[in-house]
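Here is the structure we will look at, set down as structure tokens.
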Amino acid sequence: MQLSDHYPYSIQGIDPIQLTKQYGSPLYVYDGATIRRKAAELQYAFAGVNMKIKFACKANTNLAILRLMREIGVELDVVSPGELEMGKIAGYDASQITFTPSGVDFEEVREAVETGAIVNVDSLPLLEWFGQTYGNSKPCMIRIKPNVAAGGHTKIMTAHADSKFGISVLLLDEILEMIKKYDIKVIGLHQHTGSDIKDAEPFLKVADILLETAKHFPDLQIIDLGGGFKVSYLPGDAITDMDLLGKKISKRFRTFCEEYGRDLQLWFEPGKFLVSESGFLFVTTNVVKEDPARNFVHVDSGLNHLIRPMMYGSYHHILNISNPKGEPKHYNVVGYICETDTFATDRELPEVRQGDVLAFLNAGAYGLTMSSNYNARFRPAEVLIDNGEAKLVRRRETMEDLLRTQTGL
Ligand SMILES: *Cc1c(COP(=O)(O)O)cnc(C)c1O
């Protein structure tokens with residue numbers, strides 16, 4: 001756990017309750033040291049090969065986080081023109097950004113190619129359009145669907161046969177024919193299996209499929225194995241063993257490079273792995289309802305700020321940082337949104353009192369980026385703590401923000 005395990009809770013010596021007083025509650029807080037540590041872990045595990053990290057920035061697009069990534073040598077994987085633009089604002093050169101779209105308007109691909117980003121082509125029609133438009137004048141990568149099911153929840157699997165993502169590996173002949181027809185310059189093969197994959201096995205399996213497929217492509221420079229590493233959700237949780245994975249994949253990759261006759265780059269696109277554990281959502285208890293059936297803790301947030309538990313049942317460890325030594329009790333922790341809005345069911349917490357600040361852990365990935373203004377609520381502020389200093393990196397929204405796009409005021 002990143003918030004220091006023992007009371008008083010702090011992040012790099014900074015008291016989060018103080019931060020909620022200063023910047024308002026609820027509040028997203030990120031620990032830069034954790035991001036640096038996670039990136040270093042990955043770099044260390046793959047030190048034996050030519051490895052590049054492309055942060056899947058849909059997990060967290062705060063510019064301060066993107067700038068931190070850039071500072072530590074992590075490049076970007078984006079899924080939309082908006083993310084591409086944010087990457088450039090954060091100081092990335094377009095050539096350091098990969099665009100991995102999913103069934104987008106081809107004009108978005110044109111925009112990305114023309115700005116200098118590399119595109120992961122994810123369908124045969126797009127491959128054909130790419131060939132007709134660019135011939136061999138621009139390089140591209142191809143997203144292969146390996147037909148392997150893996151991931152923490154069916155809603156976050158992306159590589160099984162029924163998944164919408166990528167071009168099925170069974171269509172290899174069609175892919176090769178298209179490349180030949182238009183003389184398309186394919187410099188990389190890509191795949192992304194899904195999210196919350198704990199074991200090394202699925203990664204090795206898809207690596208095998210991708211490397212086997214790669215033999216048919218003579219001009220490759222890059223093999224991109226995507227993201228999806230599992231992170232720790234509660235104390236003692238099993239996570240992807242990065243050292244083991246690093247050893248096994250590096251070995252397999254080196255053998256492939258020897259057979260291929262050239263040293264290729266190995267890319268990964270972690271989202272969660274880099275930022276999930278760095279982030280906390282701090283909320284305040286509005287009401288404690290001691291119902292005959294259940295005790296409810298109603299907090300000043302909801303699926304409008306953190307939708308993962310409601311969307312795909314993600315577990316977020318919760319700490320009562322105002323009363324860590326309180327008598328343990330069981331609670332349903334719920335939000336204030338008029339909709340199914342449960343963060344945790346029958347969760348044991350030190351007694352929660354009105355006004356207590358709770359910390360939701362693992363809120364650094366797919367937290368604020370998935371937030372909304374549902375129920376006409378404001379999005380929270382964000383604070384990044386780095387090098388021992390807390391900095392406001394996004395202000396809380398106001399009524400003005402909510403009305404900005406409405407006409408007829
Ligand atoms: C979302 C996504 C990732 C990151 O997945 P994580 O589970 O957050 O690591 C990587 N690659 C692509 C193409 C994605 O869409």
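Numbering of residues begins at 1 and proceeds along the displayed sequence. Since this is a predicted model, take the numbers as computed values, not measurements. Indexing begins at 1, ligand by ligand and atom by atom, following the structure's order.
For atom 6 (P) of ligand 1, the choice among Phe268, Phe165, Tyr366, Phe55 with the nearest heavy atom turns out to be Tyr366.
Close approach of ligand 1 to Lys272 is summarised as follows: ligand atoms under 4.0 Å from at least one heavy atom of the residue are 6 (P), 8 (O), 9 (O). Heavy-atom contacts of Thr100 reach the following atoms of ligand 1: 13 (C) (cutoff under 4.0 Å). Near Gly227, meaning under 4.0 Å from one of its heavy atoms, ligand 1 places the atoms 9 (O), 10 (C). Interface of Gly271 with ligand 1, defined as ligand atoms under 4.0 Å from a residue heavy atom, comprises 4 (C), 6 (P), 8 (O), 9 (O). For ligand 1, the atoms lying closer than 4.0 Å to a non-hydrogen atom of Pro270 are 9 (O).
At the top of the distance list for atom 7 (O) of ligand 1, counting protein heavy atoms only, stands Ser195 OG, 2.3 Å. Protein heavy atom at the shortest distance from atom 15 (O) of ligand 1 is Lys58 NZ, 2.7 Å. With hydrogens left out, the protein atom closest to atom 13 (C) of ligand 1 is Glu269 OE1, 3.4 Å, a heavy atom.
Using a 4.0 Å heavy-atom cutoff, Ala59 is absent from the residues neighbouring ligand 1.
For Gln221, the CD atom counts as densely surrounded, since its 6.0 Å shell holds more than 12 non-hydrogen atoms of other residues, nucleotides or ligands.
When the options Lys138, Gln265, Met141 are evaluated for a side chain to side chain contact (heavy atoms under 4.5 Å, CB included) with Ile187, the one that passes is Met141. Screening Arg379, Arg395, Arg396 against Asp401 for a side-chain hydrogen bond (donor to acceptor under 3.5 Å, both in side chains) leaves a single residue, Arg395. Exactly one residue among Tyr23, Tyr30, Tyr28 makes a side-chain hydrogen bond (donor to acceptor under 3.5 Å, both in side chains) with Glu382. That residue is Tyr30.
Considering both main-chain and side-chain atoms, Phe273 never comes within under 3.5 Å of ligand 1 through any nitrogen or oxygen pair.
Residues Asn320 and Asp356 bring a donor and an acceptor atom of their side chains to less than 3.5 Å of each other. Under the 3.5 Å distance criterion, with hydrogens and angles disregarded, no donor-acceptor pair is assigned to the side chains of Asn362 and His316.
With respect to Glu71 and Arg36, a salt bridge is recorded, a charged nitrogen being found less than 4.0 Å from a carboxylate O.
Between Trp129 atom CH2 and Tyr182 atom OH the span is 13.0 Å, to the nearest 0.5 Å.
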